[in-house]
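In this chain, residues are counted from 1 in sequence order.
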Amino acid sequence: MQRERLSIPKILLYILVALILYVLQTSWFGTWSIRGYHLDLLPALVAAAALLDGPVEGVIIGVVVGLFYDLGFIGIDGLYPIFFVLFGLVAGVISQLTLSGSYVSMLIMTSIEMIVLGLMRFFVYLLPQAGASFALVLQQIIGGTVLTCVFSFAVYLPMHRISRTFAER
């Protein structure tokens with residue numbers, strides 16, 4: 001299988017979507033919760049880019065999302081970009097081998113990403129710093145994952161449209 005060339009305008013549009021979502025998430029989405037769970041759509045961007053376009057786009061958007069996480073969230077600096085780059089790479093390779101570019105595939109990938117991200121936060125940051133309860137953290141991880149999956153259509157639709165627009169050229 002031969003790879004097509006990387007489309008810079010498509011990547012720039014993906015980055016613009018990530019920036020808009022980051023601004024919304026740190027301002028408007030950050031102020032409200034549903035039943036105690038907060039909406040986090042940035043990881044869905046990495047899953048969508050990797051699923052729709054492959055590992056290269058997944059890695060690029062993973063770097064961008066990881067940097068946004070480092071800018072706006074508490075944690076170990078540099079850990080989020082590494083996580084999202086690795087996830088973008090692995091998800092892109094898996095999507096090329098087994099998954100279709102469907103919305104259901106993105107939900108599966110986003111769910112796995114959110115659970116692994118939540119567990120990474122727990123074991124790397126919350127457990128050593130605050131001694132957080134695993135049961136409470138697991139409840140937050142699962143609730144946040146479900147909430148993200150419910151609203152991830154807001155990420156998939158524009159990413160799918162951008163991907164298909166540039167695939168036709």
Side-chain angles (χ1 to χ4, degrees), residues 1 3 6-7 10-26 29-30 37-127 134 137-138 140-160 162-163:
M1 184 166 101
R3 173 147 169 87
L6 184 67
S7 173
K10 176 174 62 175
I11 295 298
L12 291 175
L13 283 173
Y14 282 173
I15 292 171
L16 179 65
V17 169
L19 179 64
I20 290 168
L21 202 56
Y22 171 73
V23 169
L24 287 173
Q25 187 164 312
T26 55
F29 295 156
Y37 305 112
H38 294 278
L39 184 61
D40 186 9
L41 290 175
L42 284 174
L45 284 168
V46 180
L51 176 72
L52 295 171
D53 293 311
V56 174
E57 287 82 354
V59 165
I60 292 170
I61 299 305
V63 167
V64 171
V65 168
L67 291 174
F68 285 157
Y69 258 80
D70 269 356
L71 287 174
F73 301 104
I74 297 173
I76 298 171
D77 290 338
L79 188 61
Y80 291 122
I82 293 169
F83 170 77
F84 285 115
V85 163
L86 291 175
F87 182 82
L89 179 66
V90 170
V93 169
I94 289 172
S95 70
Q96 285 183 335
L97 296 176
T98 61
L99 297 175
S100 66
S102 70
Y103 180 66
V104 174
S105 296
M106 192 196 95
L107 288 177
I108 292 168
M109 290 174 55
T110 301
S111 298
I112 292 169
E113 181 182 20
M114 293 289 295
I115 291 168
V116 171
L117 180 64
L119 291 174
M120 181 186 75
R121 283 182 187 149
F122 174 73
F123 287 114
V124 172
Y125 184 70
L126 292 175
L127 186 63
F134 183 72
V137 171
L138 188 61
Q140 286 295 316
I141 291 170
I142 292 172
T145 300
V146 169
L147 187 61
T148 296
C149 287
V150 166
F151 287 100
S152 66
F153 69 89
V155 171
Y156 182 78
L157 293 176
M159 296 290 279
H160 186 266
I162 292 168
S163 176

**OP:** Starting at CG of Leu79, measure out to CG of Asp70 and round the result to the nearest 0.5 Å.
**Re:** 8.0 Å
Subject >> Residue of the set Leu16, Val17, Val23 for which side-chain contact (heavy atoms from CB on, under 4.5 Å) holds with Ile20 >> reply: Leu16
**OP:** Give every residue pair that meets the ring pair (Phe, Tyr, Trp, His ring centres under 6.0 Å) criterion with at least one member in residues 99-120, sequence neighbours excluded.
**Re:** Tyr103-Tyr156
Original post:
Hey, what do you get for CE (Met106) to SG (Cys149), rounding to the nearest 0.5 Å?
Top reply: 7.5 Å
**OP:** Hey, could you give me the CG/CD1 distance between Leu45 and Ile15, rounded to the nearest 0.5 Å?
**Re:** 11.0 Å
Original post:
Which salt bridge (Lys or Arg N to Asp or Glu O under 4.0 Å) pairs, counting each pair once, include a residue from residues 37-50, with sequence neighbours left out?
Top reply: Asp40-Arg121
Original post:
Just by distance, do the side chain of Ser163 and the backbone of His160 share a donor-acceptor pair under 3.5 Å?
Top reply: no
**OP:** Could you check whether the rings of Tyr69 and Phe84 sit parallel, tilted or perpendicular, using 30° and 60° as the cut-offs?
**Re:** tilted
**OP:** To the nearest 0.5 angstrom, please state how far the CD atom of Gln96 sits from the CG atom of Leu51.
**Re:** 10.5 Å
**OP:** Check whether any side-chain heavy atom of Pro55 sits under 4.5 Å from a side-chain heavy atom of Leu89, and report yes or no.
**Re:** yes
Original post:
With distance as the sole test, does Thr110 use its side chain to make a donor-acceptor pair with the main-chain N or O of Ala44 at under 3.5 Å?
Top reply: no
Original post:
About how many Å separate CD1 of Ile162 and CG of Leu52, when rounded to the nearest 0.5 Å?
Top reply: 10.0 Å
